[in-house]
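Remarks on the structure that follows.
Chain letters run A, B, ... following the sequence lines, proteins first, then strands; residues in each count from 1. Source: prediction; values computed, not measured.
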Amino acid sequence: MNSVHDLGGMHGFGMIDRSQQENFVQPWERTVFALTLACGMLGRWNLDESRFARERMDPGDYLKGSYYEHWLHGLELLLKEKGLVSENELASGSPEGSSDLSAIPAGRMAALLERGGPTAMDNTDVPAFRAGDPVLVRTFNPKTHTRAPRYIRGKRGVVATCHGAHVFPDSHASGTDRLPAYLYNVRFEAGEIWGAGDAQGNSSVHVDVFEPYMEADHA
Amino acid sequence: MNSVHDLGGMHGFGMIDRSQQENFVQPWERTVFALTLACGMLGRWNLDESRFARERMDPGDYLKGSYYEHWLHGLELLLKEKGLVSENELASGSPEGSSDLSAIPAGRMAALLERGGPTAMDNTDVPAFRAGDPVLVRTFNPKTHTRAPRYIRGKRGVVATCHGAHVFPDSHASGTDRLPAYLYNVRFEAGEIWGAGDAQGNSSVHVDVFEPYMEADHA
Amino acid sequence: MGNKELPHHGHGPGEIALRVRRLESLLVEKGLVDPAAMDELVDRYENRVGPRNGARVVARAWTDPAYRIRLMENATEAIRELGYQGRQGEHMQVVENTPDVHNVVVCTLCSCYPWPVLGLPPAWYKSSAYRARVVSEPRTVLEEFGVTLDEDVEVRVWDSTAEIRYLVIPQRPRGTGSLSEDELADLVSRDAMIGVALAGKPDSRS
Amino acid sequence: MGNKELPHHGHGPGEIALRVRRLESLLVEKGLVDPAAMDELVDRYENRVGPRNGARVVARAWTDPAYRIRLMENATEAIRELGYQGRQGEHMQVVENTPDVHNVVVCTLCSCYPWPVLGLPPAWYKSSAYRARVVSEPRTVLEEFGVTLDEDVEVRVWDSTAEIRYLVIPQRPRGTGSLSEDELADLVSRDAMIGVALAGKPDSRS
């Protein structure tokens with residue numbers, strides 16, 4: 001979806017506040033971090049659904065809110081959408097029924113975190129592109145989740161590497177099965193993206209781009 | 001500048017609230033409207049500078065704020081930048097010095113409004129394009145004011161009409177002289193802008209595009 | 001909201017009203033603004049200039065073929081014939097609905113609107129949702145406003161990115177051959193001249 | 001802020017802390033979350049997993065040519081050799097600075113970051129300003145961080161749009177030939193491995 005989370009190349013945010021050195025700025029942010037990970041491990045949603053939930057935050061709230069406010073919004077939304085808590089329970093903080101899910105115990109955390117959630121998959125198709133191929137990112141503007149930022153859409157680049165097949169996030173974010181799609185690192189010259197007059201000299205942007213976002217560039 | 005005022009094609013704003021039928025929602029909005037017009041008539045800034053001042057509002061504040069909050073932000077910013085009021089005066093509401101400008105009296109309002117501020121200009125150059133010409137909007141991402149929305153940049157269209165030469169807003173917004181640029185209405189097929197899969201059928205967008213934003217489309 | 005702002009930049013409903021009163025009093029005291037001029041400005045656009053002006057233009061175009069031609073060729077001049085002109089209408093163009101084409105107007109970058117013929121815009125026209133959506137999903141937006149178009153009717157969205165202001169001339173409703181120009185003007189709502197309604201229907205109050 | 005939200009969606013600093021406490025208590029009472037597991041999560045990423053891990057990877061690459069080759073060819077495996085692996089580092093790639101190329105990492109769409117080697121990101125990395133600006137004006141951003149590059153040094157910005165996580169291998173500072181691997185690791189800051197600093201300099205506290 002084209003919302004304000006897609007920040008690359010936007011103006012108006014001022015200087016970077018380099019005094020913000022810590023991850024957790026407010027004490028409650030630790031709680032949001034831990035709740036988000038712990039609830040995610042219950043297995044009722046995947047990482048792409050988490051990202052899509054955060055992106056669906058009201059655009060003004062997203063920009064005014066801190067990073068962990070995005071997480072809090074996403075967590076509450078998923079808990080409700082997946083039926084783990086009700087709107088009433090969220091408002092009151094008191095449970096109205098029991099859950100058929102059990103908390104992941106502390107003792108299992110280390111192993112789960114060390115395993116993580118690999119997204120590499122087998123794919124029986126042959127990759128459409130290989131390193132050195134010129135590619136054109138398609139023009140598309142889905143209302144649903146995508147990992148193609150707006151600034152590369154319609155732009156030409158060159159494949160730097162093929163990362164093999166990975167879970168395709170656009171469909172995974174709607175809770176469907178893991179579908180494989182080849183993933184490439186694509187190099188875009190800064191001038192191609194921002195225009196020759198506005199790009200900074202001798203610079204490029206490398207973006208990981210899924211095969212369905214691209215076509216061969218015959219120009 | 002690429003900020004959140006450039007709303008065309010953005011997602012996440014929900015339904016249009018059609019119950020908002022009035023122009024002025026809060027009583028203070030009438031005051032902001034009148035102050036903005038009255039101060040603008042003092043001649044210390046032009047309409048493009050007003051727009052640029054509103055665009056420079058913090059992006060989160062812009063989206064959370066109502067339309068006349070944008071105006072209020074722009075008016076305060078211009079009053080300060082042009083030296084008509086000081087930061088201290090704004091904070092206190094009490095004047096600290098006198099001004100060499102005089103308010104426009106009520107009796108002159110009707111004539112000034114009926115005249116308005118025409119932007120048509122003579123231009124000794126020949127228009128580069130004429131109706132029917134295929135054009136390509138340039139890729140550019142200025143940090144300063146522009147009236148080329150992001151959604152048409154890098155896109156192909158066809159000139160529908162030439163409106164003659166008008167004041168070029170991009171330079172006018174920085175307070176420079178009125179420079180003429182030919183202005184065209186350009187028709188873009190919806191599929192060209194949003195992609196064949198995401199555009200709605202049998203629709204097009206007509207945008208007024210200044211000549212410096214475009215080049216001939218030789219594709 | 002506003003916790004990153006300076007103290008005088010309050011945002012709560014009460015705070016902002018206070019901030020505006022303070023600014024007004026400052027500018028009046030400094031002699032930069034005449035309170036009577038402010039009253040004149042608000043009164044003009046709240047009570048005297050409104051969509052009835054545009055409706056008269058449309059009704060004239062419906063009933064006077066020569067006027068319609070002048071309007072299509074030079075809308076600014078033809079609209080001035082009826083006495084409407086000036087700020088935010090210095091350069092007018094009309095776009096005419098036909099059985100094959102439906103037009104709708106927006107300003108995605110701010111909220112430009114043809115003041116001399118329509119007055120000041122309704123708040124929904126200035127909303128993020130309208131500005132964001134009508135260019136990318138015009139048929140859906142029109143349906144929400146109650147305008148369902150056949151697929152073979154082309155939708156043209158006009159984004160007012162420069163100083164040209166657009167007025168939609170809706171299709172004249174059937175069975176109105178006997179109506180006077182004034183009666184016809186009664187059928188032309190503000191929304192019909194933005195392009196989110198058809199003539200003969202009331203405005204978009206939901 | 002938040003005046004369009006439901007009552008329990010408070011946003012003020014106190015309100016949000018209350019909202020989080022209510023959510024925590026609800027989820028613990030419903031048996032969905034184990035408080036001890038929450039402590040374990042926070043303690044792990046606040047105290048045990050941090051940029052010292054990445055610094056050891058870099059120092060090893062600087063001192064062991066065979067390791068460097070393994071790291072360049074399969075960073076995930078080579079990093080696992082040192083015991084670092086897992087969530088938000090399942091698929092690693094290193095990008096090596098040279099006299100001709102300087103690399104810098106961002107995630108414009110959210111704030112992806114290689115947790116196993118760098119821990120959790122500093123707040124500035126997650127800020128709108130960093131995410132917006134470093135892709136379009138990387139040289140300006142680097143200068144603000146104190147890194148001024150010659151024009152003939154190419155700047156490569158890596159936007160982590162998928163599940164590949166990037167670790168910058170900074171250039172080894174001159175005159176460090178006699179240092180041990182541990183001493184070399186001391187020269188490798190978190191910022192150098194994001195690409196907003198050079199090795200041998202402290203982090204970006206301004």
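Lys30(C) and Ser99(B) make their closest contact through O-CB, 4.0 Å (heavy atoms, listed as atom of the first residue, atom of the second, distance). In terms of heavy-atom proximity, Ala37(C) sits nearest to Pro105(B) at CB-C, 4.2 Å. The nearest pair of heavy atoms linking Arg156(C) to Ser204(B) is CG-OG, 3.4 Å. Of all heavy-atom pairs between Thr140(C) and Gln200(B), the closest is OG1-NE2, 2.6 Å.
Proximity to chain C (any heavy atom under 4.5 Å) is shown, for Leu112(B), by neither the backbone nor the side chain. Looking at His5(B), the atoms closer than 4.5 Å to chain C (heavy atoms on both sides) sit in the backbone and in the side chain alike. Within the 4.5 angstrom heavy-atom criterion, only side-chain atoms of Val25(B), from C-beta onward, approach chain C. Contact of Val153(C) with chain B is made through the backbone alone, with heavy-atom distances under 4.5 Å. In this structure, no portion of Ile193(B) lies under 4.5 Å from any heavy atom of chain C. Proximity to chain B (any heavy atom under 4.5 Å) is shown, for Phe145(C), by both the backbone and the side chain. For Ala190(B), no part lies under 4.5 angstrom from a heavy atom of chain C. Proximity to chain B involves both the backbone and the side chain of Glu144(C), based on heavy atoms less than 4.5 angstrom apart. With a 4.5 Å cut-off on non-hydrogen atoms, Ser50(B) does not touch chain C at all. Contact annotation for Ser94(B): only backbone heavy atoms (N, CA, C, O) come within less than 4.5 Å of a heavy atom of chain C. Interface residue Leu101(B): backbone and side-chain heavy atoms are both found under 4.5 Å from chain C. For a residue to count as touching a neighbouring chain, one of its non-hydrogen atoms must lie under 4.5 Å from one of that chain's; by this rule Ile152(B) does not touch chain C. Of the two parts of Leu183(B), only the side chain, counted from C-beta on, holds a non-hydrogen atom closer than 4.5 Å to a non-hydrogen atom of chain C. Using a 4.5 Å cut-off between heavy atoms, Tyr62(B) touches chain C through its side chain atoms alone. No part of Pro169(B) comes within reach of chain C, as not one of its non-hydrogen atoms sits under 4.5 angstrom from that chain. Heavy atoms of Arg44(C) lying under 4.5 Å from chain B belong exclusively to its side chain.
Judged by distance alone, the side chain of Thr161(C) and the main-chain N or O of Asp208(B) form a donor-acceptor pair under 3.5 Å. Between the side chain of Trp28(B) and the backbone N or O of Leu18(C), no donor-acceptor pair lies under 3.5 Å. Asp34(C) places a side-chain N or O within donor-acceptor distance of the main-chain N or O of Ala106(B), the cut-off being under 3.5 Å.
Under 3.5 Å, the side chains of Tyr166(C) and Asn185(B) contain a donor-acceptor pair of N or O atoms. At a cut-off of 3.5 Å, with distance as the only test, no side-chain donor of Asn23(B) or Tyr45(C) sits close to an acceptor on the other residue.
His145(B) NE2 to Leu109(C) CG: the interatomic distance, rounded to the nearest 0.5 Å, is 8.0 Å. If you take CG on Leu113(B) and CG on Leu41(C), they are separated by 5.5 Å, rounding to the nearest 0.5 Å.
At least one side-chain heavy atom of Ser128(C) sits less than 4.5 Å from a side-chain heavy atom of Leu63(B). In this structure the side chain of Arg139(C) reaches within 4.5 angstrom of the side chain of Asn202(B), judged on heavy atoms. Looking at Ser203(B) and Glu137(C), their side chains never come closer than 4.5 Å, going by heavy atoms from C-beta outward.
Using a 4.0 Å cut-off between a side-chain N of Lys or Arg and a carboxylate O of Asp or Glu, Glu154(C) and Arg187(B) qualify as a salt bridge. Looking at Arg51(B) and Glu163(C), a side-chain N of the basic residue comes within less than 4.0 Å of a carboxylate O on the acidic one, giving a salt bridge.
Applying the 6.0 Å contact sphere to CG of Asp122(B) captures no more than 12 heavy atoms from other residues, nucleotides or ligands.
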